[in-house]
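Heavy atoms only: backbone and side chains are in, while hydrogens, waters and symmetry mates are out. Keep in mind it's a predicted model, so treat the numbers as computed, not measured.
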Amino acid sequence: EGHPISGLELGEVTIVTADREIPFVTEFAITDQAQARGMMFRESIEDNEAMIFPSATPELRSFWMKNTPISLDIIFIDAERRIANIETAVPYSLASVQSKGEVIAVFEIRGGLAAELGIKPGDAVQWELP
């Protein structure tokens, strides 16, 4: 069953911090079209919701917030499936936020949520493609 707005397949992504596991109901943006659209035009995102953008191979990734009215934490995930860096992206900003090194996926959650939940670089991220 797909997400009611995007139609993307849903799966679970779990972030493993020093003291707990935090699961997210996650939209999998796998196609180029889905990755280009991302969270554009979304009015809100719940604290347990997310979107993941997997890469076929490790690469430098950058994201911008054109047409995106909500603040997002953009979490870059390295080849060991650990968080490389976290950037908070500003609604409608045309400035890009970038990975620090090559990554295999990018994970988006509500802006500010990573800090609230104690999610930080080095934390593990677990998922299976739907």
Participant: So, do I15 and F107 sit near enough that their side-chain heavy atoms are less than 4.5 Å apart?
Facilitator: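 The answer is yes; the side chains approach within 4.5 Å.
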Participant: Of all heavy-atom pairs between V97 and F76, which one has the smallest distance, and what is that distance?
Facilitator: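 Taking every non-hydrogen atom into account, O-CZ, 3.8 Å.
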Participant: Specify the closest pair of heavy atoms between P130 and I30, including all atoms of both residues, with the distance to one decimal.
Facilitator: CD-CD1, 4.4 Å
Participant: Under 4.5 Å between any side-chain heavy atoms of I109 and F24, yes or no?
Facilitator: yes
Participant: Could you state the interatomic distance from CG (D123) to CZ (R82), rounded to the nearest 0.5 Å?
Facilitator: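 Answer for the CG-CZ pair, D123 versus R82, is 8.0 Å.
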Participant: Do side-chain atoms of T17 reach the backbone of R20 as a donor and acceptor pair under 3.5 angstrom?
Facilitator: yes
Participant: Ignoring hydrogens, what is the shortest heavy-atom contact between I70 and P91? Give both atom names and the distance.
Facilitator: C-CG, 3.6 Å
Participant: If you count heavy atoms of other groups shown closer than 6.0 angstrom to CD of Q33, is the number above 12?
Facilitator: no
Participant: When you measure from the side chain of S99 to the backbone N and O of R61, does any donor-acceptor pair fall under 3.5 Å?
Facilitator: yes
Participant: Measuring from atom CD1 of I45 to atom OG1 of T68, what distance do you get when rounded to the nearest 0.5 angstrom?
Facilitator: 11.0 Å
Participant: Where is the tightest heavy-atom contact between A29 and Q35, given as atom of each residue plus distance?
Facilitator: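 Between these two residues, the closest heavy atoms are O-NE2, 2.9 Å.
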Participant: Are any non-hydrogen side-chain atoms of L8 and F28 less than 4.5 angstrom apart?
Facilitator: no
Participant: Please name the pair of heavy atoms, one in T88 and one in S71, separated by the smallest distance, quoted to 0.1 Å.
Facilitator: CG2-OG, 3.7 Å
Participant: Counting distance only, does the side-chain N/O of N67 pair as donor-acceptor with the main-chain N or O of F41 below 3.5 Å?
Facilitator: no
Participant: Do P69 and Y92 have side-chain heavy atoms sitting under 4.5 Å apart?
Facilitator: yes
Participant: If you measure from CZ on R110 to OG on S44, what distance do you get to the nearest 0.5 Å?
Facilitator: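 That separation rounds to 11.0 Å.
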Participant: Looking only at heavy atoms, which two atoms of A84 and K100 are closest? And how far apart?
Facilitator: CB-O, 4.2 Å
Participant: Determine, using the 4.5 Å side-chain heavy-atom cutoff (strictly less than), whether I83 and I74 are members of one ILVMFWY cluster.
Facilitator: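 I83 and I74: separate clusters.
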Participant: Do P23 and N48 make a side-chain contact, defined as non-hydrogen atoms from C-beta onward lying under 4.5 Å apart?
Facilitator: no
Participant: Test of understanding: clusters of I, L, V, M, F, W, Y form through side-chain heavy atoms closer than 4.5 Å, transitively. Do I22 and V13 belong to the same one?
Facilitator: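 Cluster IDs for I22 and V13 match.
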Participant: With a 4.0 Å cut-off on N to O distance, would you call R42 and E49 a salt bridge?
Facilitator: no
